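Below is one structure, written out as structure tokens, with a few remarks after it.
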Amino acid sequence: MAQLNIPDELKEKLDKIAGDSDEFSSTDDYVTYVLKQIADKKLKSAEDEKQSEVYSKEDEAKIKERLKNLGYLD
Amino acid sequence: MIDPHGNILVNRVLKEEDANKWREKASNLPQIKIGEEQVKDVKNIARGVYSPLKGFMNQADFESVVKNMTLADGTVWPIPFVLDIDEKTKSDLGIGEQVILADEDGNPIAVMNVRDLYQYDEKDVAQNVFKTTEEAHPGVKMLYDMDDWLVGGGIELIDNSKDPFQEYNLDPSETRTLFKEKGWKTVAGFQTRNTPHKAHEYLQRCALEITDGLFVNPVIGKKKSGDFEDQVILDSYQHLLSEFFPKNRAVMSILPLAMRYAGPREAVLHAIIRKNYGCTHFIVGRDHAGVGDYYGTFEAQEIFDTIEDLGMDILKFEHSFYCRKCGGMGTAKTCPHDKEDQVGPSGTIIRDMLSKGELVPEDIMRPEISETIIKSDNIFVE
Ligand SMILES: [Zn+2]
């Protein structure tokens, strides 16, 4: 487990939220949950930005060629 | 043409020049060795067979799939696709870094962008996905054999080779083009791990009566002892389709995929995969993708009523048989006669007779198909 530094006032706010919640047993749990959500979203969008190659006209011609060679198309 | 699942046909196959760059760099990067079945998953992801998956699942998608049968964004997805690694491998990896996925001989298969490293509760996964925690279930056994850590992240395919059976191995982009060129607006997908008997052929014909085309899609890969050899399945289906179906109404291509035997959840996966291939209809018989007594006979059909509409028609069939009184094929829905008159496709009879080199009774299997099978050197997996 690693430790991070955050402003004291923020820590107080987070203690309050975690303390009022039934879902989280500690401020650590709450902070881990929230940060993980944000991190996953960020990393996932980095993945999505790497757009899948879109099939071009050239690709389509190649596809038809292969289908013909294999006997799927006349 | 039906949209792929999640509305995106994933293409993560690297162009040859980019693939070569990664081949050169591969030895300087951390590597994860992946087994034969995982190589199939990597290739399927890259070729869009598992669209919209772009890689192995991160924790959010994984946990959502296990609990809710959806990806984190709500898209229906029934089976976790994860890459397991041991503690030592995990310690070599960092979030945001790239790692080479290599086969057992060390050949680079894909490059992966590491986005998540996490652990899981195997009993909880087993119960949710397979509805049992018993190790006797082959899918559960595979799960329990996995290493402790999972690595999530997108992949890009370096090795796009298609052996064996490359001549029967079409990508979703290819089947979609094929269906379009044939002018098929509706296509029924049929999943199989067997040689064709008359009961299956009957379902295929029923489906083809209401669609433009039939797509026979045998699952190729790891088999149990006593299963038909892949080559035999392909040869016998090739014979059936070329001799007994109109030329422009039926095609076959393989699906390299490891069975998980997750019954109902696996049926949903099988449907989604066929949607990605361009099928508008998918045939689900009784006991689809089950094993032992873990799932009810109708569960694999009923599950489709409990999930969000996949946008395709699920054709749910009863067991079919030849009825001597009717003088034709039927199911409990269409034949009123006694069990004694109904000849179903007994796996035991088919196996015994073929292994002795005998023709299976015509009520069960076409003699031409029996002959094709008997001619093979190896009929069954040892
Ligand atoms: Zn009858």
Side-chain angles (χ1 to χ4, degrees), chain A residues 1-7 10-11 13-15 17-74, chain B residues 4 8-15 18 45-48 51-55 57-64 71-73 95-96 112-116 118 152-157 162 165-182 238 242 247-248 251-253:
Chain A
M1 286 286 178
Q3 292 192 348
L4 295 171
N5 297 315
I6 54 170
L10 178 57
K11 162 100 174 28
K13 283 184 195 164
L14 296 170
D15 284 340
I17 298 171
D20 288 349
S21 146
D22 298 329
E23 266 181 88
F24 305 101
S25 58
S26 67
T27 307
D28 283 14
D29 275 359
Y30 175 61
V31 170
T32 303
Y33 174 81
V34 171
L35 291 179
K36 180 143 179 48
Q37 294 271 314
I38 295 168
D40 282 350
K41 211 166 178 183
K42 194 93 189 157
L43 289 168
K44 193 164 184 341
S45 60
E47 196 57 54
D48 287 342
E49 268 168 33
K50 262 193 178 209
Q51 269 310 329
S52 290
E53 291 274 342
V54 180
Y55 294 97
S56 63
K57 277 262 173 285
E58 193 185 322
D59 291 330
E60 200 175 318
K62 266 191 208 153
I63 288 172
K64 282 186 191 164
E65 191 60 35
R66 178 161 194 264
L67 290 171
K68 277 180 190 153
N69 288 340
L70 295 179
Y72 280 99
L73 284 177
D74 292 331
Chain B
I8 170 168
L9 192 61
V10 169
N11 176 11
R12 294 250 162 172
V13 181
L14 288 167
K15 297 256 182 280
D18 295 322
I45 291 168
R47 293 168 183 161
S51 297
L53 300 194
K54 295 175 179 144
M57 288 174 181
N58 65 14
Q59 189 172 11
D61 280 335
F62 170 75
E63 288 178 352
S64 176
L71 300 172
D73 70 3
I95 305 277
M112 180 180 195
N113 305 298
V114 178
R115 303 288 188 199
D116 206 355
Y118 58 102
I155 57 109
E156 289 169 287
L157 190 65
K162 287 189 164 181
F165 310 121
Q166 68 89 20
E167 71 276 24
Y168 289 120
N169 190 338
L170 302 185
D171 296 344
S173 60
E174 292 170 329
T175 53
R176 287 171 165 270
T177 304
L178 177 62
F179 300 162
K180 201 170 89 190
E181 288 295 305
K182 287 195 176 287
Q238 190 56 37
S242 63
K247 187 168 179 288
N248 270 318
V251 295
M252 174 178 73
S253 148

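Because the structure is a prediction, the values reported are computed rather than measured. To find a chain, count down the sequence lines: A is the first, B the second, and so on, and within it residues start at 1.
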I need the [X] [atom1] to [Y] [atom2] distance, nearest 0.5 Å.
X         : Y         : atom1 : atom2 : answer
Lys182(B) : Lys247(B) : NZ    : NZ    : 6.0 Å
Ile8(B)   : Lys54(B)  : CD1   : NZ    : 4.5 Å
Leu71(B)  : Leu53(B)  : CG    : CG    : 6.0 Å

Under a 3.5 Å distance rule, please check whether Ser21(A) uses its side chain to pair with a backbone N or O of Ile17(A) as donor and acceptor.
no
Is Ser253(B) reaching over with its side chain to a backbone N or O of Tyr168(B), donor-acceptor style, under 3.5 angstrom?
yes
Neighbours of chain B found in residues 64-74 of chain A - heavy atoms under 4.5 Å:
Lys64(A), Arg66(A), Leu67(A), Leu70(A), Tyr72(A), Leu73(A), Asp74(A)
What are the residues of residues 22-30 of chain A, in order of number, with any heavy atom under 4.5 angstrom from a heavy atom of chain B?
none
Top of Leu170(B), Asn248(B), Ile95(B), Asp61(B) for chain A proximity - count of heavy-atom pairs under 4.5 angstrom:
Leu170(B)
Among Ser173(B), Ala46(B), Ala60(B), which residue forms the greatest number of heavy-atom pairs with chain A at distances under 4.5 Å?
Ser173(B)
Answer with side chain, backbone, both or neither: which region of Lys62(A) has an atom nearer than 4.5 Å to a non-hydrogen atom of chain B?
neither
Above 12 or not: heavy atoms from other molecules or residues under 6.0 Å from NZ of Lys13(A)?
no
Against chain A, label Gln59(B) side chain, backbone, both or neither, depending on which of its atoms sit under 4.5 Å from a heavy atom there.
side chain
Quick one, Lys11(A) and Leu14(A) - any side-chain contact, counting heavy atoms below 4.5 Å?
no
